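One structure is given below, encoded as structure tokens.
Worth saying up front: this structure is predicted, and the values here are computed from it rather than measured.
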Amino acid sequence: MSNDPLHGKTLKAIVEQLVGFYGFDTLGELIKIKCFTENPSIKSSLTFLRKTDWARKKVEELYMRTLPKM
């Protein structure tokens, strides 16, 4: 059993949970990237995050900080 909260989580599941918890407006304030602030959608966010390591890392870090509140 892995203690890593990201273990077995797809990027899609992480983004969907964060959007469900915060909504795109708050998500765009917490992580200032265009895919959350300009015409945001799960699909466009995933496309950007899969190509952009630093942004994906920020999303994963926010997810881990948010988990206890979910």
- Query: Any chance the side chains of Ser44 and Ser41 put a donor and an acceptor closer than 3.5 Å?
  - Reply: yes
- Rounding to 0.5 Å, atoms CD (Glu61) and CZ (Arg56) come to a distance of 12.5 Å
- Residue pair Thr52 / Trp54: nearest heavy atoms and the distance that separates them: CG2-NE1, 3.1 Å
- Query: In Å and rounded to the nearest 0.5 Å, what is the CD1 to CD distance from Ile33 to Glu38?
  - Reply: 11.5 Å
- Query: Tell me, do Leu11 and Glu16 make a side-chain contact under 4.5 Å, heavy atoms counted?
  - Reply: no
- Atom CG of Leu49 and atom CD of Glu60: how far apart are they, to the nearest 0.5 Å? 9.0 Å
- Query: Does any non-hydrogen side-chain atom of Gln17 lie less than 4.5 Å from one of Lys9?
  - Reply: yes
- What's the verdict on side-chain contact (heavy atoms from CB on, under 4.5 Å) for Met70 and Leu18, showing C-alpha distance, side-chain angles and the deciding distance? CA-CA 9 Å; Met70 286 189 197; Leu18 286 173; 4.1 Å; yes
- Message: Working to the nearest 0.5 angstrom, can you tell me the gap between Arg50 CZ and Ser45 OG?
- Response: 10.5 Å
For residues 21-32, dump all side-chain donor-acceptor pairs below 3.5 Å to protein atoms at least two apart in sequence or in another chain.
residue, atom, partner, partner atom, Å
Tyr22, OH, Thr66, OG1, 2.7
Thr26, OG1, Tyr22, O, 3.4
Lys32, NZ, Glu29, O, 3.0

